[in-house]
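Working notes, structure below.
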Amino acid sequence: MMNCKIIEMKGLEKIPCIGLGTWKSDNKQQLIDAVKYAIKEADYVHIDCAPAYHNESIIGEALQELFNSGIKREQIWITSKLWNTQHHPDSVEPAIRNTLADLKLYYLDLYLIHTPTAFKTMGPKEGLFPKDENGKIIIDRSVSILDTWKAMQHVQEIGLTRFVGVSNFNINMLERIKYSGLPLPYVNQVEYHLYMQQDPLRWYCRTNNIIFEGYSPFGSPDSARPGDERADVLGNSHLCQISQELGKTPAQVELRFLQQLEEGCVLIPKSVNPVRIKQNIDLNFDLNSDQMECLKKQQRCLRMLGKPHDGIDEHGDGF
Ligand code: A2P
């Protein structure tokens, strides 16, 4: 008889409103320490991962250490994502199984389609950006996002993830899912910060009961638009002024502003620094209405990340 292990998918009822971002955390020991510190010392219960960040096996090591020290699997919410080269429906189950093996888990809490653009199918370890002889990314237009979404339902049904969602989807793409009759995503994870406040998309998600999740809440200062003063979110003079008024750091004011702007939203600030990890979840204060209005006016529709691929504007808003 086969030795089957029945896994009961226990977990937190709802996605926790702050998660630890892990994109660009590539120093192994620093990342292990950051994950352990966040969970054990800083009250985080949510880690956001993706195979595209090339560090899931490191996070898997940190999680093992945490589980060995008494933390239970169901106490932590773990998200991962399906990369663009795995959109073909036959690739989705192998992709999540690969991620689970790297993270050393039996199931995820949430699995997202990382972006709506299908690239030419490649094995999970073959690289992220298949290119033609001219160095152009090879987009696979034969794979329908609805078929990928159906395959996401399948991996949920067979117990590999508790919830499924999407990332970098615009309103049109969400409408395609809605009018296909398939279930709507649990979340849509998109860029969200002072200069990219996402009013229409937030309204759409709220109206359709899709949880709005924001990545790069500080505008990804370490990777986006280096040297561009217009892109320096945390250096915004109004943000700094309000942070002085409140006795908080600009990062804390930024996060709290985003939370108050969209009640119930989820944010995943990335840090590997213990002081900043702690700071980013210590948000027990409020901005008053004048402070909120002032920061709302800082909207610049300035997208820091995600350039259109091969003429496909993933976000559909031209920013
Ligand atoms: P570090 O990891 O050294 O803390 P985003 O989440 O928008 O992509 O931003 C991540 C960047 O912001 C990283 O460079 C991270 O550096 C930095 N960062 C994270 N938390 C804070 C904070 N509280 N104050 C200032 N910078 C921060």
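Just so we're clear, the structure is a prediction, and the values are computed from it rather than from any experiment. When reading the values below, keep in mind they use all heavy atoms of this one structure, side chains included, and skip hydrogens, waters and symmetry mates. Whatever order the structure lists ligands and atoms in, that order sets their numbers, starting from 1.
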| said: Tell me the protein heavy atom at minimum distance from atom 17 (C) of ligand 1, and give that distance in Å. | reply: Lys270 O, 4.1 Å

| query | Which atoms from ligand 1 have a heavy atom of Lys24 less than 4.0 Å away? | reply | 8 (O)

| When only distance counts, is Pro269 in polar contact with ligand 1, meaning an N/O pair under 3.5 Å? | no

| said: I'd like to know if the side chain of Glu175 and the backbone of Ile177 have a donor-acceptor N/O pair within less than 3.5 Å. | reply: no

| What protein heavy atom sits nearest atom 13 (C) of ligand 1, and how far off is it? | Asp222 OD2, 3.6 Å

| task | Could you tell me if the ring centre of Trp149 sits under 6.0 Å from that of Phe169? | result | no

| query | So is Thr249 polar-close to ligand 1, meaning N/O to N/O under 3.5 Å? | reply | no

| remark: Of Ser25, Ser220, Gly219, Gly21, the one whose closest heavy atom lies nearest atom 8 (O) of ligand 1 is Ser220

| note | Quick look: Leu234 vs ligand 1, heavy-atom contacts under 4.0 Å, and the answer is side chain

| message | Can you report which non-hydrogen protein atom sits closest to atom 5 (P) of ligand 1, along with the distance? | response | Ser216 CA, 3.7 Å

| query | Tyr192 versus Glu213: any side-chain heavy-atom pair under 4.5 Å? | reply | no

| For Ile268, is at least one N or O under 3.5 Å away from an N or O on ligand 1? | no

| Over 12 non-hydrogen atoms of neighbours within 6.0 angstrom of NZ in Lys178 | yes

| Min side-chain heavy-atom separation Asp26-Tyr53 under 4.5 Å | no

| remark: Taking only non-hydrogen atoms of Asn273 and a 4.0 Å limit, the atoms of ligand 1 in range are 4 (O)

| query | Are the side chain of Gln86 and the backbone of Met122 linked by a donor-acceptor contact shorter than 3.5 Å? | reply | yes

| Which atoms from ligand 1 have a heavy atom of Ala251 less than 4.0 Å away? | 22 (C), 23 (N), 24 (N)

| Polar contact flag, side-chain donor to acceptor under 3.5 angstrom, Tyr204-Asp199 | no

| task | Return the residue, atom name and 0.1 Å-rounded distance of the protein heavy atom closest to atom 26 (N) of ligand 1. | result | Arg276 CD, 3.6 Å

| task | Name the closest protein heavy atom to atom 20 (N) of ligand 1, giving the residue it belongs to and the distance to 0.1 Å. | result | Asn280 ND2, 3.0 Å

| Between Phe119 and Phe129, how do the two ring planes meet: parallel, tilted or perpendicular, split at 30° and 60°? | tilted

| query | Taking the side chain as C-beta and beyond, is there a heavy-atom pair between Ile15 and Tyr186 under 4.5 Å? | reply | yes

| request: Would you kindly specify which portion of Pro250 sits under 4.0 Å from ligand 1, judged on non-hydrogen atoms: side chain, backbone, both or neither? | output: neither

